[in-house]
Amino acid sequence: MQTQTTEAKTEIKSIDCSHYINGKYAPSKNGKTFENINPATEEKLGVVAAGSKEEVDQAVSAARKALKGEWANLPLRKRSAIIRKIGDLILERKEELATLESLDTGKPLWLSNSVDIDRAAYNFHFFADFMTSVGNETYQQDDIAVHYAVRRPVGVVGLINPWNLPLLLMTWKLAPALAAGNTVVMKPSEVTPMTATVLAQICSDAGVPDGVVNMVHGFGETGAALTSHPDVDAIAFTGETVTGSEIMKSAAPTLKKLSFELGGKNPNIIFADTDLDDTIETTIKSSFINQGEVCLCGSRIYVERAIYDAFLERFVARTKELKVGNPFEETTNIGALVSEEHYKKVLRYLDIAKEEGATFLTGGTASEGFEKGFFVDPTIITGLGKDSRCVREEIFGPVVTVIPFDTEEEVLEQVNGTHYGLSASLWTSDIKRAHRVGGQIEAGMVWINTWFLRDLRTPFGGMKHSGIGREGGAHSFDFYSELTNITVKL
Ligand code: NAD
């Protein structure tokens, strides 16, 4: 077997990651660091400061002090201009940020460029515009009174994020948090700390005052120091469902406002009257893009029996064309999984699938031909029933199960038969069926004849164990603001 090279073809170097507190990069007081590993080569990318309660205290205190400073009281157009500038600077440093993102995550560079970094910039551009048109409620109560609501920032907000879309997701929270006038402490994933580290500098360069944006690196304990901190007013968290549950407990004594974007096991429902060409191409993306490490990936595919064989034949053939390899090769479709721990988790699920009697139509193993790195072949599984762990639990890798169905009722029962409720895709050319079935799916987002199509004004989030609250447009603004209703007696 030929060994593949996975070296980065770039002049851009990885960075060491320090905390960012009150406008300055700083190591941990106790000097503790941990290693950051490139998942495609298993080489050390650098070291990361390991934050303790002490750094969290410093960051929260800087954020609390800045809350009383100029930031929240800047004229709207000035704050909006700074937020817009952050987006501009992200685009100016796009090559560097995309490279760091791919080194950290193992995802293809073309994907970092075309999705992660562009969207990170757009998150700021979008909220820079949106914030200038946010209105408040007013009610005239006969000739008795006028009521109107005024908005203020929630206060100090902790932003805790996962590793799959590091900059995209951090900016999805940071942009509206800043737009609404808050100060923040970011806690990026310990697995992918580099782009957030650069983002802190970008915010300062754009004119964000010291203390408004702070960042502490570290593991779960560092996040927990933030979620239990009495001076933190709200936590916006994206990550695993079990972590969300832990955060809820730790935030309970101080009654923090919480926004949760959690795990998913999203269904992709394909009726026989679909346009199969379009369905197959989009299903390839919804199954395997970003190594299947997108919370919205459709990992449970239900296909109407009349086209089950035809779908599988073409879906398997297209999947076999996908190239797993060096994230820095333009022709790579699937890069490395993000870490050794996650790689082992995905491989463990493939073993479980075997034990459960699965048939592997493609993949099912670690990719061959790599001396180093955490590569897994795109995997299509059939032969598993609705009670299988691989059908019910989030694997978060390039692994999908395909199950035939006969009726709408039957497929809806299976689709809704999990604790998760993040998103779903539905493929049919029957408009009535699309509305009828779409409206019965227990998920925060349902796509009809598409996937991952987003308008940042729309509500984004999950129901059941996939989340609490919605982000996007006015929904983000509501989370990051407090309202005071003022009543004037006439
Ligand atoms: P994770 O929950 O393990 O970690 C997420 C973040 O929480 C990290 O920064 C981590 O250090 C921190 N953390 C861990 N334990 C903590 C604790 N007790 N208190 C406070 N912080 C703590 O998740 P992950 O493995 O990094 O990410 C993968 C998960 O994220 C998947 O379940 C995926 O579905 C989910 N996700 C959801 C969405 C969405 O929008 N719903 C988007 C992306 C990813």
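Read the numbers this way: they start at 1 and go in the same order the structure lists the ligands and their atoms. Everything quoted here is computed from the prediction, not taken from an experiment.
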Side chain to side chain contact (heavy atoms under 4.5 Å, CB included) against Asp104, all qualifying residues, sequence neighbours excluded: Asn36, Leu45, Thr192, Pro193, Met194
Under a 4.5 Å cut-off applied to non-hydrogen side-chain atoms, are Asp233 and Val157 in contact? no
Quick check on ligand 1: any N or O pairs to the protein under 3.5 Å? One line per pair.
unit_1: ligand 1; atom_1: 2 (O); unit_2: Glu240; atom_2: N; d: 2.9
unit_1: ligand 1; atom_1: 2 (O); unit_2: Thr243; atom_2: OG1; d: 2.6
unit_1: ligand 1; atom_1: 9 (O); unit_2: Asn161; atom_2: O; d: 2.8
unit_1: ligand 1; atom_1: 9 (O); unit_2: Lys187; atom_2: NZ; d: 2.9
unit_1: ligand 1; atom_1: 11 (O); unit_2: Lys187; atom_2: NZ; d: 2.7
unit_1: ligand 1; atom_1: 11 (O); unit_2: Glu190; atom_2: OE1; d: 2.6
unit_1: ligand 1; atom_1: 23 (O); unit_2: Glu240; atom_2: N; d: 3.4
unit_1: ligand 1; atom_1: 25 (O); unit_2: Trp163; atom_2: NE1; d: 3.0
unit_1: ligand 1; atom_1: 26 (O); unit_2: Trp163; atom_2: NE1; d: 3.2
unit_1: ligand 1; atom_1: 32 (O); unit_2: Glu394; atom_2: OE1; d: 2.6
unit_1: ligand 1; atom_1: 34 (O); unit_2: Glu394; atom_2: OE2; d: 2.5
unit_1: ligand 1; atom_1: 41 (N); unit_2: Leu262; atom_2: N; d: 3.3
unit_1: ligand 1; atom_1: 41 (N); unit_2: Leu262; atom_2: O; d: 2.7

So side chain to side chain donor-acceptor pair (under 3.5 Å) across residues 215-225, not counting sequence neighbours, yields Thr197-His217
What class does the angle between the rings of Phe396 and His342 fall in, given that below 30° is parallel, 30 to 60° is tilted and above 60° is perpendicular? perpendicular
Atom pairs and distances, side-chain donor-acceptor, residues 251-263, under 3.5 Å, sequence neighbours left out:
unit_1: Thr254; atom_1: OG1; unit_2: Ala251; atom_2: O; d: 3.4
unit_1: Thr254; atom_1: OG1; unit_2: Lys256; atom_2: NZ; d: 2.7
unit_1: Lys256; atom_1: NZ; unit_2: His229; atom_2: O; d: 2.5
unit_1: Lys256; atom_1: NZ; unit_2: Val232; atom_2: O; d: 3.2
unit_1: Lys257; atom_1: NZ; unit_2: Asp478; atom_2: O; d: 3.1
unit_1: Lys257; atom_1: NZ; unit_2: Phe479; atom_2: O; d: 2.9
unit_1: Lys257; atom_1: NZ; unit_2: Ser481; atom_2: O; d: 3.0

Can you confirm if the NZ or CZ of Arg454 lies within 45° of the ring axis of Trp447 and under 6.0 Å from the centre of its six-membered ring? no
